[in-house]
Structure formats: C-alpha cells, structure tokens
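Throughout, a chain's letter reflects where its sequence line sits, starting with A, and its residues are numbered from 1.
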Protein chains: 2
Amino acid sequence: MPLVRVTNFAVSLDGFGAGEPQSLESPFGHAGMKLHQWRFDSWRDGAPDGIDALYGRQYDVGFGAEIMGAHKFGPPGWQDDPDWRGWWGEDPPFHTPTYVLTHHPRPPMEMEGGTTFHFVDASPEEALELARAAAGDLDVRIGGGATTVRTFVAADLVDHLHVPIVPVVLTRGTQLWEGLEGIEERFHIESVVAPSGVIHLSLTRRR
Amino acid sequence: MPLVRVTNFAVSLDGFGAGEPQSLESPFGHAGMKLHQWRFDSWRDGAPDGIDALYGRQYDVGFGAEIMGAHKFGPPGWQDDPDWRGWWGEDPPFHTPTYVLTHHPRPPMEMEGGTTFHFVDASPEEALELARAAAGDLDVRIGGGATTVRTFVAADLVDHLHVPIVPVVLTRGTQLWEGLEGIEERFHIESVVAPSGVIHLSLTRRR
C-alpha cells in the first residue's frame, strides 16, 4: 500500500519551516539558508556518508507524485505572473507529477526530467486522490511548506514525517506544529542527532 | 568563576515550557506531567542510570542559589494569599537561598533543608547580583519558568542551558524561544537523544 510521506522538511528549534517575509530575493525570509545548509553540506565532495546523507537521500526514493502549497511554488504574487515557472529552473528536482494547491489554477506545465506541475484548487483529500492516482504503486510526498504539511497531518492523511530540527531559533515565520497538539498520541516519534548537530525526527503513524 | 546555569528546563517540540491555563490544580496547564515524566521515570527503582539520569542529576550539583519567576512559585493569585508557601511543601528541593521575582515582596521564608525564599522586586541584573553574593563560590541556577529563563538569556546573563526537548506538541503555553532569535550565534549547541526519546540540548555560551 503506497504511503503519504513528508521527508526532509526542516524546522528550527522553535518549529518554523521558513522565516519571513518571503520574497523573490529571499525565498525563506530571514531564515536564509539556515534550515537547509546541512543538506547542501551533505552533498559536497568528500562529505561523510552518514546520517544527514542517509536521511537526505530519502527525498528521492519511492515517490510517484508530490503535493505542494502555493507558497512553495513561488514568491507572493506568482499567481499574477503568467511566465513564472517555479523556483527550480527547467529541470525541477521532483521528477514526477507535482500538484500545486492554488486558488488560481492554470494549465499544466511540463518541465524537463519528468516533472509536470498541475495547478489544482482542491481540498487536501481531493488533491491526494489525484496524486495517488498519478503515483500508482509509489508513495506521495507532501512537499511543504509548513502550512501544507500541517494541514495534511491535521486531516490524518500522512503516514510518515521526517522532520530535521536544525539548532537555530527563528522566532517567526511559518510554523509546522500549530494545530498539531498531541501529535505524539497519533505518531510514534524517534530521533537521532547527526554529527552536524541536526536532530532528525522520524514520526510514524500508529496503526 | 561561578556560572549562571539553567538545568533540566524541559520544553515541548514547539518550545513551550508549560501549558495553559496554570492553576492550583494544574500547575502546568494542559501539559500535565508530559514535560516532566521522563525525570520521574529516571528516579524509579531499577531505572537505567543513563543519559536522562545523568542530566537529571545536574540539577543538584554545584548550585549556591536559585532565581525563579513569580509564576514558578505559585498559581495565579498566590501574591494575595499570605499563607502560600510554594508548591513544594516544607522541604523544597532547592536547598539554597532562592530568589523569587515578584512585584509584591514579602518577608523571607525560611524552609527546611536549607531553602530560604527571598521575594524581590528587582531587574534580572539586580536579582543576579543578590544571588551571586549568596552563592559565593557556587553557581546560580535560573530555575524558570520560560519567561524568566528567556529574559535572563536575552540579557546575556546565562552561561549554560540544559534544555530537554520532550517529543510532544503543546501549541500553547509559555514559550522559551520567544525573543531569542539567533541564539545559535551566541551559544554552542550540542544535542543527544536518550533512549526515552528525550532530546537533551546543551547550550554553552561562546567566549
């Protein structure tokens, strides 16, 4: 049975998945690259093939579709720019059908490398139905941002989350844990600290 | 040189040091004992003498005074009850002079076991001066709650913090990290996960 998973969705010690304000110049607001540097570090030539690399690689394994929120696809206002094609250039790192939740749908956008963006004005359940159909035997990734992840978790649609906690404090931005009081009763939570200092949380839905 | 330290100040994954509302019946609000159960577990007969126990024991070692906020001393309104003597009975677990920050000072209260409560209407700096003088060659503990801890950290008065992160989500209560944006630049942060699932953070001020 294919799963619905979140992987490598990094947050700060205070639970923010991005800073503010987000813009074309600063996709993560005042957080800059703080939440993501560990991953780039793990890709460097000669980087240790350790816990960070292991978790990082899960991103590419076993997914047949992604769902993302409108804020992940572009800076505020991208909906008004017919030429905006996402942050990632012509060959985005998703390599699957990718469903962008937006109240302003537009025609699908076929990119290189297997990514096709579909723009859907849909509930989480409806979007997941589309993504599951596209993914076939493979899993669906809920790609973020924080609002999208916690909406899907609150609706009990997610089987597994990998949440790297980066030891920084942001104090503002988009909050992952909001509305998820008592998540520990629904998910088994396991953690490990990488030598980089990143704390990898693995949340698995209890059956 | 004696240090100013915070030990065993537990928070949730989303950074809350206590839930809400706090009352005589529910000192930690809706958090109940969730943030503290690991410590009681580590005290049980036959409990492993592992990481939780090791960190837990730091609480008692090397302190000559404590400073706490008014909310730690009693439930809302304790200032109006002349008979209130704290949560901890006649032999509180501090065993040192203990400075309670309050806008409603009262005479010192000598308890059993070495604890004397002093009620002071003072700035963090002034309170620390009193506590340092009382502690002599020993360290001063900033005992909580979250508001008091972050006030002292923001004023750059704290040398070391031990913050156990308990894998639960509270979504509301008193927040430890508020106002501490960029604390990672001022403190070295090291973490370890105990088999209980508690993530022990150790923050050491950079010199």
Side-chain angles (χ1 to χ4, degrees), chain A residues 9-17 19-20 29-35 37-38 51 146 149-150 153-154 161 163-204 206, chain B residues 9-17 19-20 29-35 37-38 51 146 149-150 153-154 161 163-204 206:
Chain A
F9 191 79
V11 300
S12 62
L13 281 173
D14 46 348
F16 293 100
E20 65 181 23
H30 77 296
M33 290 307 293
K34 284 184 180 179
L35 298 181
Q37 193 57 50
W38 67 274
I51 295 166
V149 171
R150 63 179 156 81
V153 174
L161 297 95
V163 178
I165 298 179
V166 179
V168 302
V169 169
L170 293 175
T171 74
R172 55 207 159 87
T174 51
Q175 174 62 235
L176 176 64
W177 304 116
E178 195 182 315
L180 299 183
E181 180 185 330
I183 191 175
E184 68 276 6
E185 288 158 25
R186 295 197 288 125
F187 286 81
H188 175 264
I189 304 180
E190 182 183 311
S191 313
V192 64
V193 181
S196 66
V198 173
I199 305 157
H200 293 275
L201 254 62
S202 183
L203 296 91
T204 307
R206 300 181 195 274
Chain B
F9 191 79
V11 299
S12 61
L13 281 173
D14 46 348
F16 293 100
E20 64 180 24
H30 76 297
M33 291 307 293
K34 283 183 180 181
L35 298 181
Q37 191 58 49
W38 66 274
I51 294 166
V149 171
R150 64 179 155 81
V153 174
L161 297 94
V163 177
I165 299 179
V166 179
V168 300
V169 169
L170 293 175
T171 73
R172 55 206 158 87
T174 51
Q175 174 62 235
L176 176 64
W177 305 115
E178 195 181 316
L180 299 183
E181 181 184 332
I183 191 175
E184 69 276 7
E185 287 158 27
R186 296 198 286 125
F187 286 81
H188 175 264
I189 304 180
E190 183 183 311
S191 312
V192 64
V193 181
S196 66
V198 172
I199 304 158
H200 293 275
L201 253 63
S202 182
L203 296 91
T204 307
R206 300 181 195 275

**Student:** Which residue pairs pass the salt bridge (charged side-chain N to carboxylate O under 4.0 Å, His left out) test with at least one member in residues 166-175 of chain A, sequence neighbours excluded?
**Tutor:**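 For residues 166-175 of chain A: A/Arg172-B/Glu181.
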**Student:** Can B/Arg206 and B/Glu184 be said to form a salt bridge (Lys or Arg N to Asp or Glu O under 4.0 Å), step by step?
**Tutor:** CA-CA 10 Å; B/Arg206 300 181 195 275; B/Glu184 69 276 7; over 6 Å; no
**Student:** Under 4.5 Å, counting heavy-atom pairs only, tell me which of B/Glu190, B/Gln175, B/Glu178, B/Lys34 racks up the most with chain A.
**Tutor:** B/Lys34
**Student:** Looking at side-chain heavy atoms only, is the closest gap between B/Ser12 and B/Leu35 below 4.5 Å?
**Tutor:** yes
**Student:** Test: ring pair (Phe, Tyr, Trp, His ring centres under 6.0 Å). Region: residues 179-202 of chain A. Which pairs qualify, not counting sequence neighbours?
**Tutor:** A/Trp38-A/His200, A/Tyr55-A/His200, A/His162-A/His200
**Student:** For the interface with chain A, which of B/Val168, B/Val163, B/Ile183, B/Leu203 has the highest count of heavy-atom pairs at distances below 4.5 Å?
**Tutor:** B/Val168
**Student:** At a 4.5 Å cut-off on heavy atoms, which part of A/Val192 comes close to chain B: side chain, backbone, both, or neither?
**Tutor:**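 A/Val192 touches chain B through backbone heavy atoms alone.
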**Student:** Side chain from CB out, backbone as N, CA, C, O: work out which of these in B/Leu176 comes under 4.5 Å of a heavy atom of chain A, or both, or neither.
**Tutor:**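 No part of it gets close to chain A.
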**Student:** Is chain A contacted by the side chain of B/Leu13, its backbone, both, or neither, given a heavy-atom distance below 4.5 Å?
**Tutor:** both
**Student:** Using a cut-off of under 4.5 Å for heavy-atom pairs, which of A/Gly197, A/Ser191, A/Gly15 has the most such pairs with chain B?
**Tutor:**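 It is A/Ser191.
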**Student:** Looking at CD1 of A/Ile199 and CG of B/Leu201, how far apart are the two atoms once the value is rounded to the nearest 0.5 Å?
**Tutor:**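 If we round to the nearest 0.5 Å, A/Ile199:CD1 and B/Leu201:CG are 5.0 Å apart.
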